[in-house]
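Every value quoted in this text rests on a predicted model; they were computed, and no experiment measured them.
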Amino acid sequence: MLVEPRSGLLAAWGNALLAGLVSPDEAALAIVGEDAVHRVEGLPGEAGPVGLTLALGRLRGLGATGFRVALPVPGHPLGLSGPPDFNARALEAEEAVVAYGVPYGLVPEVSEAGPEGDLHIEVVWRVLPVREAPPADVPSLGEAERELAEALRDATAVLSRLDVAGSGPMAEAAVDAYRARVERGREVLAPGYPPRAVRVLEMAQRVGLLVSVAYENGHGGAVSSSEIAARGEALRPVERVARRALVAAYNAYVEGGEVRR
């Protein structure tokens, strides 16, 4: 799953920019992160791709008052509200940003560029019309926090019983190493988000990493088909809960007006 989706960074830092808590350049730098470049294509009034700084300013000028995240997967249109073309593109990317206050959404198209051995990531955010309607299946922060605690407890019990890789100390070490690497020099969320949103995001990222480690480390001790099926049954709802929690944390600004000036 997308533990730290690009759409989350764009929405969080875009919200901080709209709240006047960071400068356009600070927001753009945080959104790009370790990627080489981000461009925005299809922006109203622009004939071609433009940089993030200009795009965020233009969206604010058009009336955007916030940004929210969608993290859909097949069978779970999390955060989407239509129309079908936008939903299809967001589903293919497994993420999108939807502006609040204007009928536009942004879907990232990620590609590699450069010679072999020196590849870098380039991202084009495609602006598309969206339907102004409530997003699908987005929980409140309180609901997300409760769901995460319950799902993590239940899944850990099942995975440990099956002796599945991803439920023990090695998995925890992998998660801690990842977090130490990605958190150097960055905030968990953009300035202004409430402590509860930060707490939910951190827990969701941790749960998502545990799920990823469990999948990537093979079947562990689960050697029978029934045990492998049981592992899948344990992981799928946990992954779903973690994605719902990620969306709830990133969307705290527009769902509850949580970001303060």
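In this view, Glu122 satisfies the salt bridge (charged side-chain N to carboxylate O under 4.0 Å, His left out) rule with no residue, not counting sequence neighbours. Here Glu26 pairs with Ser23 under the side chain to side chain donor-acceptor pair (under 3.5 Å) rule; sequence neighbours left out. Contacts of Ala47 classified as side-chain contact (heavy atoms from CB on, under 4.5 Å), with partners at least two apart in sequence or in another chain: none. In this view, Arg39 satisfies the salt bridge (charged side-chain N to carboxylate O under 4.0 Å, His left out) rule with no residue, not counting sequence neighbours. Judged as a salt bridge (charged side-chain N to carboxylate O under 4.0 Å, His left out), and not counting sequence neighbours, the contacts of Glu145 are Arg196, Arg199. In this structure, the salt bridge (charged side-chain N to carboxylate O under 4.0 Å, His left out) partners of Asp35, at least two apart in sequence or on a different chain, are Arg6. For Asp25, the side chain to side chain donor-acceptor pair (under 3.5 Å) criterion is met by no residue, not counting sequence neighbours.
Put simply, CG on Leu10 and CD1 on Ile31 are 4.0 Å apart, with the number rounded to the nearest 0.5 Å. Note that CZ of Arg146 and CD of Glu150 are 8.0 Å apart. Values are rounded to the nearest 0.5 Å. For the atom pair CG (Leu189) and CH2 (Trp13), the distance works out to 9.5 Å, reported to the nearest 0.5 Å. Put simply, CG on Leu119 and OG on Ser111 are 10.5 Å apart, with the number rounded to the nearest 0.5 Å. With rounding to the nearest 0.5 angstrom, the CD atom of Glu147 is 8.5 Å from the OG atom of Ser140. Here the CZ atom belonging to Arg206 is positioned 12.5 Å from the CG atom belonging to Leu148, to the nearest 0.5 angstrom.
Listed here is the closest heavy atom pair of Ala204 and Ala245: CB-CB, 3.7 Å. When all heavy atoms of Arg131 and Pro84 are compared, the pair lying nearest together is NH2-CD, 4.0 Å. Looking at every heavy atom in both residues, Ala30 comes nearest to Leu9 through O-CD1, 4.1 Å. Heavy-atom minimum distance, Pro83 versus Pro129: CD-O, 3.4 Å. Contact detail for Leu141 and Ala252: the closest heavy-atom pair is CD1-CB, 4.0 Å. Residue Ala197 comes nearest to Ala249 through the heavy atom pair O-CB, 3.5 Å, listed as atom of the first residue, atom of the second, then distance.
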For this session: Dump the intermediate steps for side-chain contact (heavy atoms from CB on, under 4.5 Å) on Val32 and Val37, then the final yes or no.
Result: CA-CA 6 Å; Val32 171; Val37 63; over 6 Å; no

Exercise. Should Trp125 and Glu41 be marked as a side-chain contact (heavy atoms from CB on, under 4.5 Å) after you check the CA-CA gap, both sets of side-chain angles, and the distance that decides it?
Worked result: CA-CA 6 Å; Trp125 292 91; Glu41 190 165 317; over 6 Å; no

For this session: May I have the step-by-step check of side-chain contact (heavy atoms from CB on, under 4.5 Å) for Val207 and Val241, ending in yes or no?
Result: CA-CA 9 Å; Val207 170; Val241 165; over 6 Å; no

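Side-chain atoms of Val138 and Arg244, non-hydrogen and from C-beta on, never get closer than 4.5 Å to each other.
The hydrophobic cluster containing Val102 also contains Leu106, counting ILVMFWY residues as joined when their side-chain heavy atoms lie under 4.5 angstrom apart, directly or transitively. Using a 4.5 Å cut-off between side-chain heavy atoms of Ile, Leu, Val, Met, Phe, Trp and Tyr, with links allowed through other members, Val247 and Leu91 fall into different hydrophobic clusters. Grouping the Ile, Leu, Val, Met, Phe, Trp and Tyr side chains by contacts below 4.5 angstrom, directly or via other members, places Leu246 with Val198.
If you chain together ILVMFWY residues whose side-chain heavy atoms come under 4.5 Å of each other, Val107 ends up grouped with Leu80, Phe86, Val98, Leu128, Val130.
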Atom pairs and distances, donor-acceptor, side-chain atoms in residues 49-72, under 3.5 Å, two or more places apart:
unit_1, atom_1, unit_2, atom_2, d
Arg58, NH1, Pro44, O, 3.2
Arg58, NH1, Glu46, OE2, 3.2
Arg58, NH2, Glu46, OE2, 2.9
Thr65, OG1, Tyr100, O, 3.2
Arg68, NH1, Gly79, O, 3.0

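No more than 12 heavy atoms of other residues, nucleotides or ligands shown are found within 6.0 angstrom of CD on Glu92.
For the residue pair His76 / Arg243, a side-chain donor-acceptor distance below 3.5 Å is found, with atom types taken as modelled.
Between the side chain of His120 and the main chain of Ala113, a donor-acceptor pair closer than 3.5 Å is present. Listed for the Glu95 side chain is a donor-acceptor partner under 3.5 Å among the backbone atoms of Ser7. Proximity of a side-chain donor or acceptor of Tyr193 to a complementary backbone N or O of Ala16 within less than 3.5 Å is not detected.
Residue pairs that meet the salt bridge (Lys or Arg N to Asp or Glu O under 4.0 Å) test with at least one member in residues 98-113, sequence neighbours left out, are Arg89-Glu109, Glu109-Arg126.
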